[in-house]
Amino acid sequence: MLGSALAAVLATPAFAQTASGADDGAAVQEVIVTAQRRSESVQDVPIAVAAFTASAVEAAGVSNITGLNGLAPNVVLQTEGLVANVPMVSIRGMSSSDPDPNADPKISTIIDGVYVPFVSSTMLDLFDIDQVEVLKGPQGVLFGKNNLAGTINITTARPTDDFGVEARATVGSNGLRQFRGKVNTGRFADGMLAAKLAINARTYDGYSTNVITGADLNTDDVQSYRGAIDFRPSDAVSSVLVVDWLKEKTNGPAPHVIDNGSAAYKLLPDIVKTDIRKAAVPFNPFAATRSYGGSWTTSVDAAGGQITAVLGYRHVNYLTRGDFDGLITPVPGLDVTRDFSGHSKSAEVRFVSPSGHMIDYVIGVYLQSDDWSQDNTVLSTPTVTSLAFLKQSTDSYAAFALANIHLSDALTVSAGGRYSKDKKNYDINTRVTSNGVFVAASSFQGAFKKDWSEFTPRLTAQYRFSPEAMAYATFSKGYKAGGYNSRGTVPENVGPYDPETVTAYEVGAKTDMFDRTLRFNAAIFLNRFHDLQSAVTRQGAVRAENVTVNIAAAETYGLELEATYRPTRAFTLTANFARLYAKYTDFCADTDGVFTNGAAEPRQCGNAVPVLLNGNPTGTFAVPVDSTNLDLSNAPKYSASLSGDYKIDAPFGTVGLHGDARYTSRYNTWGRNNDPAYYRARVLLLNGNVSLTSPDERWAVSVYGRNLTNQKVISGAISAGATPIQQFYQAPREFGVDFTVRY
């Protein structure tokens with residue numbers, strides 16, 4: 001009955017385009033994406049894709065990737081919390097936020113076709129971008145590396161055919177000062193070349209204070225540049241080289257520590273116990289990032305299609321120091337410094353057949369390698385220091401293919417797959433000193449090597465009821481390689497842990513109705529995760545430490561609805577809604593980090609396991625308990641957003657009005673404990689701006705406001721072993737003015 005009703009709605013003539021019923025240009029904007037490695041309308045792609053164009057990002061007043069949080073259903077984009085300048089990304093209930101380089105992200109980030117392997121370089125300033133695509137569900141065929149839950153695919157702006165200069169200055173709350181500018185040369189050298197240079201400089205004084213040192217926290221200081229050259233010697237050949245450089249320094253974060261009843265907590269200044277904008281840290285935590293790299297994309301039209309080669313390189317230096325216990329005594333107490341340096345090289349060659357035939361296809365090969373080193377210094381107590389010198393090299397290879405078979409004008413079936421192989425070589429040398437004396441029993445070094453491989457298929461059926469309505473069903477698998485623990489200080493905690501995989505199902509519909517003035521898309525999905533990689537607490541050489549193991553199986557499923565209404569050229573209304581169910585289906589592990597004599601515990605689900613240190617029994621045991629009652633992290637049951645844009649033409653220019661409301665229900669940000677302090681409360685965030693653009697569009701000015709009702713919202717919460725829970729808060733209400741000139 002429901003299926004018949006849906007078919008009737010999708011087939012109704014109301015979807016046909018006619019000359020009546022809509023103002024000129026009132027149709028919902030067509031968005032072109034590359035989710036299937038060919039340019040096509042987002043409405044033709046048989047997967048759920050949230051696409052943000054440059055104009056949409058600008059209208060929302062977004063400065064970096066976290067500014068898009070709440071605008072796409074079942075997508076969470078926030079900061080990790082404990083370690084500055086590290087993003088936390090969650091798609092459909094599966095999140096990734098570990099700052100350590102061993103922890104490959106579950107959600108891949110692609111910039112101009114190049115995979116970014118190090119999470120510390122994915123806190124992206126969204127300047128000079130053309131589009132951001134959030135591909136939901138495993139993209140294990142065309143974007144396969146470490147792609148378990150989705151892909152963030154970012155395309156930067158290309159050089160334009162015409163000369164142009166743009167400068168944009170922003171001044172806002174909490175000392176925000178930002179300048180963005182770019183110059184396009186236009187076509188030169190008989191039209192074969194075009195070039196562009198863009199710059200972004202931003203300083204931000206932060207919204208928190210360290211009452212111990214008096215310094216500002218949650219600050220940011222960014223300088224970044226991007227250059228591009230577009231070479232087109234003929235209509236059949238195009239080659240684009242994009243290079244970028246970034247330097248960023250962040251002071252923070254500012255922890256709000258929750259009372260755990262300890263004597264050390266009582267010694268914190270009273271003001272930090274009640275004021276979330278005040279923190280007590282013995283020193284100023286920080287993160288300093290330097291990165292550079294680029295992509296070189298060359299496409300050649302051949303008689304049978306297009307050959308594209310993408311070469312990529314990324315280099316990152318990342319230095320961070322943080323206070324992980326949240327306390328001011330003893331000093332030092334879990335003072336952690338990470339000094340990271342890494343680089344990555346990649347190459348992809350693919351062939352895309354022309355459209356318009358009964359069969360079209362994409363085939364390709366992919367190679368990627370990265371090498372990194374990291375020195376960890378942990379001042380555990382005033383007398384004990386642990387050092388770790390880490391190195392890893394990774395080589396990844398893949399071959400992939402996807403074919404679309406058009407059985408009729410209405411019915412298309414697709415089949416594809418990717419074979420991936422990953423090899424990792426890991427070296428670790430840990431040293432412990434007590435009162436400056438080397439402790440041999442708590443130190444070790446070792447070299448490890450392992451490889452993994454997986455085939456991830458995708459099958460899709462797509463039926464087009466009319467030019468404006470289609471439905472699809474997709475089956476796919478995703479895979480993320482295994483690895484080693486950089487936080488493991490004894491052999492028992494280093495690993496390796498095994499790969500994790502997902503089997504995913506999605507059914508959806510995409511429609512454009514009423515002369516394309518109303519777009520309505522819907523999707524339901526089911527993801528089954530196997531051998532899920534997540535952190536548990538294990539005894540280390542000096543202290544309990546969080547290490548990654550294969551702990552569980554999990555399941556997420558839900559519903560996503562998206563609608564855009566544009567009845568006139570002046571007015572656009574967008575609404576999204578998501579319902580998510582996320583749960584562990586199997587989770588038997590010791591998660592609390594408390595090691596006992598092995599006595600039986602409530603919900604025990606396996607035998608007590610002796611705790612070993614460098615192969616020697618400690619006399620204590622880890623007791624596994626049934627932990628399926630834990631909530632998955634960053635998996636809100638409900639999320640929704642509503643945004644509106646209205647333009648008013650006047651003799652002195654165009655007035656633009658933008659407002660959005662973003663709702664998220666209560667959810668756990670930690671996932672290893674259901675203590676209420678780990679939960680982000682349900683919240684409705686309101687944002688808006690008013691702009692004026694000159695008649696010739698040579699200048700524009702806008703006034704914006706974010707978090708207009710001044711909500712107190714945590715981005716995350718964490719605890720390190722037996723230390724108190726620390727919460728990390730987002731910015732309060734902020735206002736600003738943005739001025740743009742173009743020539």
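Between Glu166 and Arg168 there is no salt bridge, since no side-chain N of the basic residue sits under 4.0 Å from a carboxylate O of the acidic one. Residues Asp44 and Lys510 are not paired through a salt bridge, judged by the lack of any N-O separation under 4.0 Å between the basic side chain and the carboxylate. Note on Asp104 versus Lys424: salt bridge recorded, some NZ/NE/NH1/NH2 to OD/OE distance being below 4.0 Å. Between Glu560 and Arg92, at least one side-chain N (NZ, or NE/NH1/NH2) sits under 4.0 Å from a carboxylate O, which counts as a salt bridge. Comment: Asp512 engages Arg519 in a salt bridge, judged by a side-chain N to carboxylate O separation of less than 4.0 angstrom. A salt bridge links Asp244 with Arg314; the closest basic N to acidic carboxylate O contact falls under 4.0 Å. Salt-bridge annotation for Lys391 and Asp371: absent, with no side-chain N of the basic residue lying under 4.0 Å from a carboxylate O of the acidic one. Ion pairing between Arg37 and Glu348 holds under the 4.0 Å rule for side-chain N and carboxylate O. The pair Arg158-Asp230 does not meet the salt-bridge criterion, since no charged nitrogen lies less than 4.0 angstrom from a carboxylate oxygen.
In this structure, Arg418 is positioned above the aromatic face of Tyr366, its NZ or CZ under 6.0 Å from the six-membered ring centre and within 45° of the axis.
Aromatic rings of Tyr419 and Phe455 (six-membered ring for Trp) have centroids beyond the 6.0 Å cut-off, not under it. The six-membered or imidazole ring of Phe340 lies away from that of Tyr318, with a centre-to-centre distance of 6.0 Å or more.
Between the side chains of Arg38 and Ser355, at least one donor-acceptor pair of N or O atoms lies under 3.5 Å. The closest side-chain donor-acceptor pair between Asn317 and Ser341 falls under 3.5 angstrom. Checking Thr572 against Asp645 by side-chain atom types alone, no donor-acceptor pair falls below 3.5 Å. Remark: the Ser486 side chain and the Asn102 side chain contain an N/O donor-acceptor pair separated by less than 3.5 Å. In this structure, a donor-acceptor pair under 3.5 Å is present between the side chains of Thr156 and Asp112. Counted by atom type alone, Thr298 and Ser239 present one or more donor-acceptor pairs between their side chains at under 3.5 Å. Counted by atom type alone, Asp370 and Gln368 present one or more donor-acceptor pairs between their side chains at under 3.5 Å. A side-chain N or O of Ser108 and one of Asn147 form a donor-acceptor pair less than 3.5 Å apart. Of the N and O atoms on the side chains of Asn550 and His530, not one donor lies less than 3.5 Å from an acceptor on the other residue. One side chain, Asp422 or Ser396, offers a donor N or O that lies under 3.5 Å from an acceptor on the other.
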| query | Should Thr564 and Glu562 be marked as a side-chain contact (heavy atoms from CB on, under 4.5 Å) after you check the CA-CA gap, both sets of side-chain angles, and the distance that decides it? | reply | CA-CA 7 Å; Thr564 302; Glu562 301 176 87; over 6 Å; no
| query | Please walk me through it: do Lys106 and Glu500 pass salt bridge (Lys or Arg N to Asp or Glu O under 4.0 Å)? | reply | CA-CA 9 Å; Lys106 300 175 188 287; Glu500 56 185 338; 2.6 Å; yes
| request: Give the intermediate values and the outcome of side-chain contact (heavy atoms from CB on, under 4.5 Å) for residues Lys423 and Lys449. | output: CA-CA 8 Å; Lys423 179 181 179 181; Lys449 179 189 301 184; 4.2 Å; yes
| side-chain contact (heavy atoms from CB on, under 4.5 Å) between Glu133 and Val42, intermediate numbers included | CA-CA 10 Å; Glu133 302 169 19; Val42 68; over 6 Å; no
| message | Working note: Leu246 + Thr289, criterion side-chain contact (heavy atoms from CB on, under 4.5 Å); need CA distance, chi angles, decisive distance, verdict. | response | CA-CA 8 Å; Leu246 175 143; Thr289 305; 4.3 Å; yes
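Put simply, the side chain of Lys345 never gets that close to the backbone of Leu367: no donor and acceptor are under 3.5 Å apart. Between the side chain of Ser408 and the main chain of Ala410, a donor-acceptor pair closer than 3.5 Å is present. Counting only distance, with no hydrogens or angles, the side chain of Gln139 and the backbone of Gly137 share a donor-acceptor pair below 3.5 Å. Looking only at distances, no side-chain donor or acceptor of Arg528 sits under 3.5 Å from a matching main-chain atom of Thr503.
Each of Asp161, Asp162, Thr160 was evaluated against Arg187; a single residue qualifies, Asp161, per the side-chain hydrogen bond (donor to acceptor under 3.5 Å, both in side chains) test.
The aromatic rings of His315 and Tyr313 lie parallel to each other, with less than 30° between the two planes, well short of the 60° mark. In this structure, Tyr426 and Tyr484 have parallel ring planes: the angle between them is below the 30° cut-off, well short of the 60° mark.
With rounding to the nearest 0.5 angstrom, the CG atom of Leu411 is 10.0 Å from the CD1 atom of Ile405.
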